[in-house]
Number of protein chains: 2
Amino acid sequence: MKRNTSDVCEVYYVNEKHVAKARKALSPEREILAVAETFRNLGDPTRVKILQALTVEELCVCDLAKLLGVSESATSHQLRVLRSQKLVRFRREGKMAYYSLDDEHIDSLMREVLRHVREGVA
Amino acid sequence: MKRNTSDVCEVYYVNEKHVAKARKALSPEREILAVAETFRNLGDPTRVKILQALTVEELCVCDLAKLLGVSESATSHQLRVLRSQKLVRFRREGKMAYYSLDDEHIDSLMREVLRHVREGVA
DNA sequence: ATCAAGCATGAACATATGTTCAGGTGTATT
DNA sequence: AATACACCTGAACATATGTTCATGCTTGAT
């Protein structure tokens, strides 16, 4: 049957002090959005592979496409996503575009999440 | 007009040594998928807020819904996603369910990505 | 200038994602 | 036992996402 419109538990059960305390820990909305978007961009197997590969050395779109086993077009689209969040940068050399990781945080994130994932298996 | 079927650049331009070297850096496929899925689960503003809030202290669904300004149902669905990747865990106490971060990696990930995001602004 | 190679992009499509809605579970209180 | 509350879940819906296809763009060679 239909419930209360708000469907949120009554006020006397919400611990206002806890809520207030937790609210202070929240980053401003624009930071939250940026964080979420960054994680979202990291949340695709193809892009994870790209970043892992670039951990070793810079690579051109051509090499990446070959490595990933997908088309250059798909690779280029993914690189665009990664560029949009400044996860990778690139330099042009003649007709080629060489991509590399943008900063050292990316490497740290990948290592940390790998630890989490490996613990989960154990 | 229509191009080559494969649309992948010719072999003589792919640097096979670089590709081989980069390939070695890649985690096994199942780890790649787990990493991507973990990041994907972190890639939503509501879930980011939940995790930031739980950094401070454990909270019940009720408190979280109030904090986020969304319905309990939506909150519960999001918590389910976070549980599926072992990002949060919970304990029952009577009718309430108290959620907290599952391990310390989550905290590290949030801090690291915040550094990345803040650099981007500068 | 013309052509080809490497890369980038726009549109379209199938699939995935997050929310709402309606209802279902389990526990405490009466 | 009956009710109320806190939380959970399945289905449906609108929107977002990633790939493919076709085509532009830019550079280097002829």
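Quick caveat, the model's predicted, so the values are computed rather than measured. Note on naming: letters A, B, ... go to the chains in the order of the sequence lines (proteins, then strands), and numbering restarts at 1 for each one.
Note on B/Thr75: every side-chain N or O is 4.0 Å or more away from OP1 and OP2 of D/dC8. In terms of phosphate contacts, B/Arg83 brings a side-chain nitrogen or oxygen within less than 4.0 Å of OP1 or OP2 of D/dT9. Checking the phosphate oxygens (OP1, OP2) of C/dG6, no side-chain nitrogen or oxygen of A/Tyr99 falls inside 4.0 Å.
Atom CG of B/Asp44 and atom P of C/dA16 are 18 Å apart (whole Å). B/Leu68 has its CG atom 13 Å from the P atom of D/dC7, to the nearest Å.
A salt bridge is defined here as a Lys NZ or Arg NE, NH1 or NH2 lying under 4.0 Å from an Asp or Glu carboxylate O, and A/Lys49 with B/Glu29 meets this definition.
Distance from the side chain of B/Gln78 is smallest to C/dT19 among C/dT19, C/dA8, C/dC7. In this structure, of D/dT9, C/dT20, C/dT19, it is C/dT20 that holds the atom nearest to the side chain of B/Ser71. Each of D/dT9, D/dG18, D/dT27 was ranked by its minimum atom distance to the side chain of A/Lys95; first place goes to D/dT27.
Note: A/Asp107 CG to A/Glu112 CD = 12.0 Å, rounded to the nearest 0.5 Å. B/Leu67 contributes atom CG, which lies 10.0 Å from atom CD of B/Gln52 (distance to the nearest 0.5 angstrom). A distance of 10.5 Å separates SG in A/Cys62 from NZ in A/Lys95, rounded to the nearest 0.5 Å.
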Detail all sub-3.5 Å separations between protein N/O atoms and N/O atoms belonging to nucleotides 10-12 of chain D.
{"from": "D/dG10", "atom 1": "OP2", "to": "B/Arg80", "atom 2": "NH2", "distance (Å)": "3.2"}
{"from": "D/dG10", "atom 1": "O6", "to": "B/His77", "atom 2": "NE2", "distance (Å)": "2.9"}

| task | State the dot-bracket string of DNA chain D. Criteria: Watson-Crick or G-U wobble, both atom distances under 3.5 angstrom; notation: ( ) intrastrand, [ ] crossing earlier pairs, | interstrand, . unpaired. | result | ||||||||||||||||||||||||||||||
| task | For side-chain contact (heavy atoms from CB on, under 4.5 Å), just list the numbers for B/Ile32 and B/Ser27, CA-CA rounded to whole Å, side-chain angles, deciding distance to a tenth of an Å, and then say yes or no. | result | CA-CA 6 Å; B/Ile32 297 277; B/Ser27 298; 4.2 Å; yes
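Grouping the Ile, Leu, Val, Met, Phe, Trp and Tyr side chains by contacts below 4.5 angstrom, directly or via other members, places A/Leu68 with A/Met110.
For A/Arg92 and A/Ala74, each mapped to the nucleotide of DNA chain D holding its nearest heavy atom, the one lying further toward the 5' end belongs to A/Ala74. Map A/Gly94 and A/Val81 each onto its nearest nucleotide of DNA chain D; the residue landing nearer the 5' end is A/Val81.
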Let me have the donor-acceptor pairs involving side chains of residues 80-90 of chain B, under 3.5 Å, with sequence neighbours excluded, atom names and distances please.
{"from": "B/Ser84", "atom 1": "OG", "to": "B/Val81", "atom 2": "O", "distance (Å)": "2.6"}
{"from": "B/Gln85", "atom 1": "OE1", "to": "B/Thr38", "atom 2": "OG1", "distance (Å)": "3.1"}
{"from": "B/Gln85", "atom 1": "NE2", "to": "B/Glu37", "atom 2": "OE2", "distance (Å)": "3.3"}

